[in-house]
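All values below were derived from every heavy atom in this structure, side-chain atoms included, with hydrogens, water molecules and symmetry-related copies excluded. The chain is numbered in sequence order, starting from 1.
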Amino acid sequence: MQGRQIKQCGLFSLTLLATFLHCSCLPHSTGGKPFPETAEEIASYTKVAKSIIDLAVYGNAQNRSYERLADFTDTIGNRVSGSKNLDLAIKYMFSALRKDGLENVHLEPVKIPHWVRGEESAMMLQPRNHTMAILGLGSSVATPQGGRPMGNSMAYPWPNPNDAGPIVRCPMGLPITAVWATLIRSITPFSINSPHTGWQDYQEGVQKIPTACITVEDAMMMARMAKRGQRIVVRLTMNAQTFPDADSFNTVAEIIGSEHPEQVCCLSPPLQVVLLSGHLDSWDVGQGAMDDGGGALISWEALSLLKDLGLRPRRTLRTVLWSAEEQGGVGAQQYFQLHKVNISNFNLVMESDLGTFSPLGLQFTGSAQARAVMAEVMKLLKPINTTTLEEHGEGIDIEMWMDAGVPGASLHVADSRYFWFHHTNGDTMSVQSPIEMNLCSALWAVVAYVVADLEEMLPR
């Protein structure tokens with residue numbers, strides 16, 4: 001049943017794209033309003049911005065994004081690309097967005113990678129017996145049945161343990177075909193014997209070997225052993241498998257604009273869109289609460305706050321919860337290919353994927369004129385002291401839009417602890433703070449609403 005539904009949705013999307021491509025439509029003008037008038041217009045939103053902040057931080061919506069995230073992650077758990085848990089997460093979120101009363105809630109089909117970790121272990125055999133904590137990297141191949149011992153020659157120069165690079169491989173001088181596996185020091189400034197995972201790509205034409213991350217503590221210990229000239233032997237066992245790409249969805253919800261909902265053609269989406277986003281998938285460890293449950297939930301919460309206040313901007317606010325971000329922004333890339341025909345109507349794209357810790361402001365990519373507008377918008381957030389506007393919006397899910405000239409913004413937070421928990425079993429609700437999520441939600445909602453409601457689109 002589910003497979004047939006997916007295929008039907010896919011056919012609909014192809015029809016939709018074909019219809020777009022046959023439309024001949026002119027983009028709306030961005031106008032030429034003098035900047036002092038724009039600044040005055042933005043300042044007129046001071047009371048509206050305060051009402052959003054008050055609802056999110058002090059009012060009935062206080063702690064709501066945190067509580068929603070806790071229910072979501074406690075119910076679903078981690079959500080790796082292609083997994084049954086990700087399917088459950090999409091169904092959960094689709095139902096929750098509809099129940100919340102948001103508009104045009106729907107799923108857009110995508111094909112995503114499907115890699116399964118399987119059982120894995122690493123045991124140091126020399127110079128002593130020691131069980132090592134590891135996490136294989138996504139897309140890694142398996143070791144031969146029964147595992148494979150690896151060792152370094154006594155002359156092998158061990159890498160600096162402060163570098164993120166190969167930690168264990170076979171002796172120097174052997175050809176690449178004799179390299180059996182690679183162990184990598186986890187990329188983190190802080191560790192409690194916690195390995196980190198992530199995605200890797202194999203270079204075309206090069207033999208694939210198993211790859212896993214080890215902890216900072218084990219990497220440093222092995223570096224000391226090598227420096228003393230001790231021979232190190234590790235038995236690595238990995239049962240990872242890669243399956244054909246799986247059917248999945250990006251999850252979408254909107255508040256439809258009041259003045260720019262007209263259709264380009266019979267099946268097209270509304271014109272002039274401000275897009276908010278986070279990714280729904282995670283790695284297969286922890287709960288994915290920080291990466292990126294928090295970003296997904298504040299992108300939902302922003303719409304909820306505006307709905308609760310009865311605020312409908314001129315332009316459509318569209319929240320997209322991406323699939324397979326961790327595998328290289330796969331779902332977002334397919335969304336871009338489908339919707340880039342309307343690229344002139346995307347006013348601003350926003351992504352939160354560096355945690356929902358205490359917010360500082362935004363990182364922004366756009367023209368000097370757009371930056372000046374955004375700087376005025378950020379002044380509205382003075383009541384919660386989140387007015388910073390840094391350069392260079394970040395996010396693999398929105399970078400293709402920014403490369404094509406669409407203004408882009410990412411949430412800028414005090415993220416010094418982000419890589420403590422990134423892609424580990426430690427990424428759980430214990431990392432999250434309800435107070436910080438309230439502030440992030442308020443910032444996200446104020447920026448999205450004001451930019452979507454201004455008389456003119458952001459200058460390109």
Are [X] and [Y] close enough that a side-chain donor and a side-chain acceptor fall under 3.5 Å?
X      : Y      : value
Asn193 : Thr215 : yes
Asp74  : Gln287 : yes
Ser304 : Arg68  : yes
Trp300 : Asp100 : yes
Glu119 : Thr237 : no
Ser81  : Trp115 : no
His106 : Glu108 : yes

Without swapping roles, check the side chain of [X] against the backbone of [Y] for a donor-acceptor pair under 3.5 Å.
X      : Y      : answer
Thr316 : Gly257 : yes
Thr197 : Gly136 : yes
Ser277 : Met350 : yes
Tyr58  : Ile53  : no
Asn425 : Gly286 : yes
Thr143 : Met238 : yes
Thr356 : Met437 : no
Asn438 : Asn63  : yes
Arg315 : Asn347 : no
Tyr45  : Tyr449 : no

Could you give me the CA-CA distance, side-chain angles and deciding distance for Ile52 and Leu309, then say whether side chain to side chain contact (heavy atoms under 4.5 Å, CB included) is met? CA-CA 8 Å; Ile52 296 171; Leu309 291 167; 3.7 Å; yes

[X] [atom1] to [Y] [atom2] distance, which is reported to the nearest 0.5 Å:
X      : Y      : atom1 : atom2 : value
His130 : Met221 : NE2   : CE    : 4.0 Å
Asn385 : Thr387 : CG    : OG1   : 6.0 Å
Leu97  : Leu303 : CG    : CG    : 8.5 Å
Ile435 : Cys440 : CD1   : SG    : 12.0 Å
Phe421 : Phe190 : CZ    : CZ    : 7.5 Å
His423 : Trp283 : NE2   : CH2   : 7.0 Å

Identified side-chain hydrogen bond (donor to acceptor under 3.5 Å, both in side chains) counterpart of His279 within the set Asp397, Asn250, Asp291: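 Option passing the side-chain hydrogen bond (donor to acceptor under 3.5 Å, both in side chains) with His279: Asp291.
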
Verdict with reasoning, Arg318 to Phe346, per side chain to side chain contact (heavy atoms under 4.5 Å, CB included): CA-CA 10 Å; Arg318 179 180 300 163; Phe346 280 77; 3.6 Å; yes

Step-by-step side-chain hydrogen bond (donor to acceptor under 3.5 Å, both in side chains) determination, Trp199 to Ser139: CA-CA 7 Å; Trp199 188 254; Ser139 86; 5.0 Å; no

In sequence, state the C-alpha distance, the side-chain angles, and the governing distance for Met290 and Gln432, and then conclude on side chain to side chain contact (heavy atoms under 4.5 Å, CB included). CA-CA 7 Å; Met290 179 193 75; Gln432 300 297 121; 3.5 Å; yes

Report the C-alpha separation of Asp247 and Lys111 in whole Å, then their side-chain angles, then the decisive distance to 0.1 Å, and conclude whether the salt bridge (Lys or Arg N to Asp or Glu O under 4.0 Å) test is met. CA-CA 5 Å; Asp247 293 307; Lys111 284 281 192 179; 2.9 Å; yes

Got a sec, which pairs hit salt bridge (Lys or Arg N to Asp or Glu O under 4.0 Å) with one end in residues 194-208, sequence neighbours left out?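 Qualifying pairs: none.
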
Pairs satisfying salt bridge (Lys or Arg N to Asp or Glu O under 4.0 Å), at least one member in residues 323-332, at least two apart: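 Output for this query is empty, none listed.
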
Looking at every heavy atom in both Leu69 and Ala289, which two are closest together, and how far apart are they?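 Taking every non-hydrogen atom into account, CD2-O, 3.7 Å.
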
Can you sort out the partners of Thr188 under side chain to side chain contact (heavy atoms under 4.5 Å, CB included), two or more places apart, ordered by chain and number?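 In terms of side chain to side chain contact (heavy atoms under 4.5 Å, CB included), with neighbours along the sequence ignored, Thr188 is linked to Ser186, Ser191, His196, Val216.
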
